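Take a look at the structure set out below.
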Amino acid sequence: MKHLLLITLCLIINSCSNKYETVVNSEEDYLIIPKPTSLEISTGKFLIDSNTKIIGEETLENEGNYLSNLLSEIIGETIPFTNDTKIKGNILLKLDASITNKEGYKLTINYNQITIAGKTTKGVFYGIQTLNQLIPSVKDSNNEVLIPAATIIDSPRYAYRGMHLDVARHFFPVQFVKKYIDILAMHKMNTFHWHLTEDQGWRIEIKKYPKLTEVGSIRKETIVGHGNTWKNSDVKYDGTPYGGFYTQEDVKEIVAYATERHVTVIPEIELPGHALAAIAAYPELGNTGEQYEVGTRWGVFPEIYAPSEETFKFLENVLSEVIELFPSKLIHIGGDEAPKTQWENSKLAQEVIKREGLKNEHELQSYFIKRIEKFLNSKGRNIIGWDEILEGGLAPNATVMSWRGEKGGIEAAKIHHNVIMTPTKYCYFDFYQTKNRENEPLAIGGNTTVEDVYSYEPTPKELTEEESKYVLGAQGNVWTEYMKTPEHVEYMILPRLTALSEVVWSTKDSRNWDDFQQRLKNIVIKYDEMDLNYATHSLSVEEVK
Ligand code: ACM
């Protein structure tokens with residue numbers, strides 16, 4: 001009681017002496033992306049200085065330390081976090097069971113106190129991300145960092161807010177993958193879909209099959225410029241071996257880093273197609289027994305896994321190691337672009353079709369995927385696959401990632417399967433981002449502007465309210481055939497990812513392109529602080545900087 005009186009007295013004295021209590025803020029001080037559900041502007045500013053202390057219970061240690069690092073870096077002095085709630089702190093982190101959404105939070109900023117309350121630790125983390133966007137990038141003329149007062153109540157529209165990265169066509173170092181996760185976290189995106197295996201490279205160490213990385217992670221050269229025509233004599237190759245892979249230690253480090261940022265990492269192990277690198281390493285997994293080379297050009301390859309018991313054993317062993325590394329409930333098994341010509345000509349494949357009473361090779365693919373699903377389900381995991389997994393019959397518990405438009409997603413939702421929308425037109429960030437390609441780096445094709453992404457509505461009109469519940473969210477895909485460097489990836493995702501983050505987080509009614517463009521000005525400053533490369537077509541940067 002005495003303690004409480006003392007605290008109250010301190011607060012009163014503090015409040016009397018705080019010259020920021022009555023500062024009037026303007027709308028320009030609150031440029032947040034994704035736009036929060038509700039934002040009430042108040043009078044006053046909170047000063048971050050060496051007296052600032054963060055407190056919160058022990059379960060919020062991860063978020064407390066994250067905020068402590070963030071603020072310490074901004075002001076150049078240590079802003080400590082303590083879970084000793086007897087200590088007086090002016091930034092309070094807490095859990096609040098009355099918040100309904102699992103990812104929801106309430107951020108209250110007064111001139112003398114900040115409180116971030118979340119339903120879960122994740123909600124608190126998102127409150128911190130919002131707070132970060134309210135911190136001005138430059139100190140004011142008194143060299144002070146001031147945060148405008150507000151009450152923000154916020155929660156996401158969709159539960160799945162994802163970004164994909166293909167590290168197989170081009171490989172990206174651990175440090176960049178972490179930076180990518182930071183970009184996701186800053187936008188309250190909660191899923192990183194890590195595309196780890198391809199025709200052109202196998203990028204994850206599997207202890208039981210060392211040749212996957214010894215052989216499968218290296219291609220002898222890479223096609224120059226556009227070109228995915230099979231054995232087209234006109235195409236040129238660079239003559240330089242290319243490779244790279246993540247050790248299991250690297251993977252653990254990345255998954256731990258993502259977990260601290262409330263990002264779930266979904267690994268993708270492609271099957272039955274896009275498997276040339278694995279078949280080059282272990283030719284017995286293929287349909288012909290031929291020795292192939294790891295792919296050196298882009299596109300779709302005819303070499304797919306044989307539907308043999310040996311292949312199933314191999315895939316189960318690979319997936320057993322994968323699930324030890326990734327706690328994600330969903331494991332992506334690919335399923336896209338698997339040409340059936342080799343199966344049509346394979347004695348073994350035809351025998352399996354006959355043995356299992358299947359109609360054709362599409363049903364054989366469905367059989368293949370259902371077997372993998374059964375295995376993963378037995379380990380407590382569920383599969384997610386590209387929309388081709390609908391062909392020949394969908395596996396019972398599968399989630400569908402709809403990329404060839406929304407058709408597959410609509411079909412899956414109608415039969416009550418979960419769906420993630422990633423239609424090329426809006427969600428393929430390997431497409432050009434302007435019609436004027438003159439000054440653009442080479443891209444795969446297409447054209448998806450930031451405004452196109454911003455206009456996307458993930459829940460199709462064709463679905464009833466009940467069916468719409470199966471649309472869990474949307475994701476941006478980053479295929480890296482033409483992206484060789486981290487800087488190029490950044491250029492392709494920013495600010496398209498920023499637009500997508502609002503599509504999947506904010507309410508449908510709050511979407512407003514002009515208003516978004518105004519708020520982009522603020523996040524561009526954050527991009528600069530993070531040393532990110534970004535495209536400027538949708539911003540008038542001269543005006544902004
Ligand atoms: C895909 O773009 N092949 C899923």
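Numbers here simply count residues along the sequence, with the first being 1. All values reported here derive from a predicted model rather than from experimental measurement.
If you check the side chains of Asn69 and Ser72, you find no donor sitting under 3.5 Å from an acceptor. Between the side chains of Asp452 and Thr449, at least one donor N or O lies within less than 3.5 Å of an accepting N or O. In summary, the side chains of Ser155 and Tyr126 do not present any donor paired with an acceptor at a separation below 3.5 Å, with no hydrogens or angles considered. With 3.5 Å as the limit, one finds a donor-acceptor pair spanning the side chains of Thr507 and Ser510. Between Thr459 and Tyr158, the side chains place a donor N or O and an acceptor N or O closer than 3.5 Å (distance only, hydrogens not considered). In summary, the side chains of Tyr105 and Asp96 do not present any donor paired with an acceptor at a separation below 3.5 Å, with no hydrogens or angles considered. No hydrogens or angles considered: a donor-acceptor pair under 3.5 Å links the side chains of Gln475 and Asn477. A donor atom on one side chain and an acceptor atom on the other are not found under 3.5 Å apart for Asn533 and Tyr491. Residues Glu57 and Thr59 have side chains that bring a donor and an acceptor to within less than 3.5 angstrom of each other. A donor and an acceptor atom, one from each side chain of Tyr66 and Glu260, are nowhere located under 3.5 Å apart. Checking Asp528 against Tyr534 by side-chain atom types alone, a donor-acceptor pair falls below 3.5 Å. For the 3.5 Å distance criterion, the side chains of Asn25 and Tyr30 qualify, holding a donor opposite an acceptor. If you check the side chains of Glu268 and His195, you find a donor sitting under 3.5 Å from an acceptor.
Under the 4.5 Å side-chain criterion, counting only non-hydrogen atoms from C-beta, Thr191 is not in contact with Val263. Under the 4.5 Å side-chain criterion, counting only non-hydrogen atoms from C-beta, Phe46 is not in contact with Asn112. For the pair Lys53/Lys88, no side-chain contact is recorded, criterion being any heavy-atom separation below 4.5 Å from C-beta on. In this structure, Leu500 and Phe429 have side chains that are in contact, with non-hydrogen atoms separated by less than 4.5 Å. By the 4.5 Å heavy-atom criterion applied to side chains, Thr448 and Gln433 are not counted as neighbours. Counting heavy atoms from C-beta on, the side chains of Asn83 and Leu60 never come closer than 4.5 Å. Between Ile54 and Leu71 the shortest side-chain heavy-atom distance falls below 4.5 Å. Side-chain atoms of Asp154 and Ser38, non-hydrogen and from C-beta on, never get closer than 4.5 Å to each other.
At a threshold of 4.0 Å, the pair Asp182-Lys179 does not count as salt-bridged, since none of the basic side-chain nitrogens sits closer than that to a carboxylate oxygen. A salt bridge links Lys252 with Glu249: the closest approach of a Lys/Arg side-chain nitrogen to an acidic carboxylate oxygen falls below 4.0 angstrom. The pair Glu529-Lys526 meets the salt-bridge criterion, with a side-chain N (NZ, NE, NH1 or NH2) lying under 4.0 Å from an Asp/Glu carboxylate O.
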Checklist line | Full working for salt bridge (Lys or Arg N to Asp or Glu O under 4.0 Å) between Lys122 and Glu63 | finding: CA-CA 9 Å; Lys122 203 169 183 178; Glu63 291 65 38; over 6 Å; no

Check: Which is it for His226 and Tyr482 under the ring pair (Phe, Tyr, Trp, His ring centres under 6.0 Å) test, yes or no, and what are the steps along the way?
Finding: CA-CA 8 Å; His226 271 138; Tyr482 302 98; 5.0 Å; yes

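Ring centroids of Tyr242 and His170 are separated by less than 6.0 Å, placing the two rings close together. Remark: aromatic rings of Trp194 and Phe172 are distant, center separation not under 6.0 Å. Aromatic pair His193/Trp386: centroids less than 6.0 angstrom apart.
For the ring pair (Phe, Tyr, Trp, His ring centres under 6.0 Å) with His164, the lone residue among Trp403, Phe192, Trp479 that qualifies is Trp479. Results of the salt bridge (charged side-chain N to carboxylate O under 4.0 Å, His left out) test with Glu103 over Lys188, Arg157, Arg161, Lys119 single out Arg161 as the only residue that passes.
Within a 6.0 Å radius of NZ in Lys178, more than 12 heavy atoms belonging to other residues, nucleotides or ligands are found.
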